[in-house]
Amino acid sequence: MVSIYELPHEILLSIINEFETERDISVFTQLNRFFYRCFTPNLYQHNVGQSKSSALVYAARYGRLSTATKAIEVGGADPDLIASNQTVLSHAAKAGHAEICEFLLSRYNVKVDSRNIHNNFTPLLIAASFGHAPVVRVLLAHGANPNETEGGRDRSGRSALSLACVRGFSAVVDVLLADAPGLKVDGPQPNLLDPNAVWCDNTPLLNAVWNNCDEAVKIFLDDPRVDVNFIISKEQMTALMQAELQEFRSIADLLLAHGADPDLPHCTGMTPRMIREIPREQWRVKRNEYSERLNEVMEARCQAEKSNLRDLLEATRARMRARRAARAAEHQNPSSQVE
């Protein structure tokens, strides 16, 4: 009887083509080194054709560079493949595999700012939100736009810097401020790597304070561009006021050491110094008073804005009525027009 190892290559290929599962092909390729070398391409080609390139997605999620290489170069998988609503690059960014990201970007030039179909995140936003500083550095080096937000260009949503502040990933904040290229921004959106940029009624420093991220606050305060007394116009909020309201005393002390003004008033009339001097046993009552006063101020502003809007609409309607009246007069008395 002829051994399977003695069969011609063509017959072996025919046998492999009859296998229905990757598991069967995998077992066959592991019978000896010759089979592995000759028939591994069939395994990856079967994966691409029958399993939607799951091997490439697995490699991106678990950092298997050799598997990713074989899936693309031997099996013919698309490096820009979308699986589970996001690209292979996004899978690698989420799992923190900088080597896989570098491989996909440098060798195959995949789309660095591709978006997740479900939540609209780019690979950079994903890496920043999971705290993967090495991945952030790789993405920036290949041209990822740090000014992209969750909502897309020129729309609302958090940026990579905001997400890093919100989640408390100071290493990502450091990379974004140090390694990101200078941005030429068109349209209404500010440069979101500017530490004083107001986006979604907050600055990066205020985001870091709000989330009690001491290390991120220190990074911002060491940046000479940061205005420690920057005032958010909506509530006249400063970073120090935010820290005192949240009772983040260590951050408040850090801000004071870097020149924060304790006497800048909030829209309620209260200052950081006034809040610091409130005894702890009275703080709950005073906090409720502050909330009520803030609600009153914001309601008054809202009513003023509505009144201004009504006045603007009425003025616009009056202009339109005057234009219609002028046109009607011209039609009724055309001889009055100068020839």
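Here salt bridge (Lys or Arg N to Asp or Glu O under 4.0 Å) pairs that include residues 191-213, with residues two or more places apart or in two chains, are Asp201-Lys234. Screening residues 76-89 for salt bridge (Lys or Arg N to Asp or Glu O under 4.0 Å) gives no qualifying pairs among residues at least two apart or on separate chains. The salt bridge (Lys or Arg N to Asp or Glu O under 4.0 Å) contacts involving residues 86-103 comprise nothing, where partners must be two or more places apart or lie in separate chains. The salt bridge (Lys or Arg N to Asp or Glu O under 4.0 Å) analysis of residues 119-136, with sequence neighbours excluded, yields no pairs.
Remark: side-chain polar atoms of His266 are paired, donor with acceptor, to backbone N or O of Glu235 under 3.5 angstrom. Under the 3.5 Å distance criterion, the side-chain polar atoms of Asn229 are matched with a main-chain donor or acceptor of Asp261. Within the 3.5 Å criterion, the main-chain N or O of Arg61 finds a donor-acceptor partner in the side chain of His97. At distances below 3.5 Å, at least one donor-acceptor pair connects side-chain atoms of Thr203 with backbone N or O atoms of Leu206.
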Intermediate values then yes/no, side-chain hydrogen bond (donor to acceptor under 3.5 Å, both in side chains), Thr69 and Ser66: CA-CA 5 Å; Thr69 304; Ser66 62; over 6 Å; no
Apply side-chain contact (heavy atoms from CB on, under 4.5 Å) to the pair Gln236 and Thr268, showing each step before the final yes or no. CA-CA 9 Å; Gln236 293 177 273; Thr268 59; over 6 Å; no
Candidate pair Ser250 and Asp214, rule side-chain hydrogen bond (donor to acceptor under 3.5 Å, both in side chains), full reasoning: CA-CA 8 Å; Ser250 62; Asp214 297 63; 3.1 Å; yes
Could you go through the salt bridge (Lys or Arg N to Asp or Glu O under 4.0 Å) check for Arg276 and Asp253 one step at a time? CA-CA 11 Å; Arg276 174 67 71 99; Asp253 292 340; 3.1 Å; yes
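Here the CG-CD distance, from Asn119 to Glu150, works out to 8.0 Å after rounding to the nearest 0.5 Å. Rounded to the nearest 0.5 Å, atoms CG (Leu255) and CG (Leu240) are 6.0 Å apart. Annotation: the span from Leu140 atom CG to Leu124 atom CG amounts to 5.5 Å, rounded to 0.5 Å. Distance CG/Asn116 to NE2/His91: 8.5 Å, rounded to 0.5 Å. Atoms CG and CD, on Asn212 and Glu247 in that order, are 11.5 Å from each other to the nearest 0.5 Å. Remark: Ser84 OG to His118 NE2 distance equals 11.5 Å, nearest 0.5 Å.
Side-chain contact of Asn147 with Ser159: a donor-acceptor pair under 3.5 Å is absent, judged by distance alone.
With contacts defined as side-chain heavy-atom distances shorter than 4.5 Å, the pair Thr87/Leu81 does not qualify. Using a 4.5 Å heavy-atom cutoff, the side chains of Leu104 and Lys111 are not in contact. Proximity of Gln242 to Pro272: side-chain heavy atoms (C-beta onward) are nowhere separated by under 4.5 Å. Between Gln246 and Ile251 there is no side-chain heavy-atom pair separated by less than 4.5 Å. Side chains of Cys165 and Asn211 form no contact here, defined as non-hydrogen atoms less than 4.5 Å apart. Side-chain atoms of Val88 and Pro79, non-hydrogen and from C-beta on, never get closer than 4.5 Å to each other. Contact annotation: the side chain of Thr122 never approaches that of Ser114 to less than 4.5 Å [non-hydrogen atoms, C-beta and beyond]. Side-chain contact between Arg64 and Ile100 is absent, with no heavy-atom pair separated by less than 4.5 Å.
Neither Val217 nor Trp210 shares a network with the other; the hydrophobic side chains, linked directly or stepwise wherever heavy atoms of I, L, V, M, F, W or Y lie under 4.5 Å apart, form separate groups for each. When hydrophobic clusters are built by joining Ile, Leu, Val, Met, Phe, Trp and Tyr residues whose side-chain heavy atoms come closer than 4.5 Å, directly or via intermediates, Leu56 is grouped together with Leu105. In terms of hydrophobic clustering, with Ile, Leu, Val, Met, Phe, Trp and Tyr side chains grouped at heavy-atom distances under 4.5 Å, Val226 and Val172 are assigned to a common cluster. Note: the hydrophobic cluster containing Leu245 does not contain Val166 (ILVMFWY, side chain heavy atoms under 4.5 Å, direct or indirect links). Residues Leu254 and Leu177 share a single hydrophobic cluster, defined by chaining ILVMFWY side chains whose heavy atoms lie under 4.5 Å apart.
By the ring-ring contact (aromatic ring centres under 6.0 Å, His included) test, Tyr62 is found to be paired with Tyr58, residues two or more places apart in sequence or in another chain being considered. Residues passing the side chain to side chain donor-acceptor pair (under 3.5 Å) test with Arg167, sequence neighbours excluded: none. The side chain to side chain donor-acceptor pair (under 3.5 Å) search around Asn109 returns none, not counting sequence neighbours. Evaluation of the side chain to side chain donor-acceptor pair (under 3.5 Å) rule for Asp263 yields Arg273 as partners, not counting sequence neighbours. Every residue meeting the side chain to side chain donor-acceptor pair (under 3.5 Å) condition with Arg107, not counting sequence neighbours, appears here in chain and number order: Glu73. Partners of Phe103 by ring-ring contact (aromatic ring centres under 6.0 Å, His included), not counting sequence neighbours, listed by chain and number: Tyr108.
Here the options are Val135, Leu139, Val138, the test is side-chain contact (heavy atoms from CB on, under 4.5 Å), and the partner is Pro123; only Leu139 passes. Checking each of Asp227, Ile232, Ile231, Val209 against Thr238 for a side-chain contact (heavy atoms from CB on, under 4.5 Å) leaves exactly one that passes, namely Ile231.
Through direct or relayed side-chain contacts under 4.5 Å between Ile, Leu, Val, Met, Phe, Trp and Tyr, Leu125 connects to Phe121, Ile126, Phe130, Leu163. Met320 belongs to no hydrophobic cluster with other residues, because no ILVMFWY side-chain heavy atom falls under 4.5 Å from its own, directly or through intermediates.
Of all non-hydrogen atoms in Ile275 and Glu244, the two that sit nearest each other are CG2-O, 3.8 Å. Considering all non-hydrogen atoms of both residues, Gly168 and Cys213 come closest at CA-SG, 3.4 Å. The minimum heavy-atom distance linking Pro146 with Leu193 is given by the pair CG-CD1, 3.4 Å. Closest heavy-atom contact between Met270 and Met274: CA-SD, 3.9 Å. Pro195 approaches Phe220 most closely through the heavy-atom pair CB-CD2, 4.0 Å. Of all heavy-atom pairs between Ala95 and His132, the closest is C-NE2, 3.8 Å.
Ionic pairing of Arg319 and Glu314 is not present here: no N-O contact between side-chain nitrogen and carboxylate oxygen is shorter than 4.0 angstrom.
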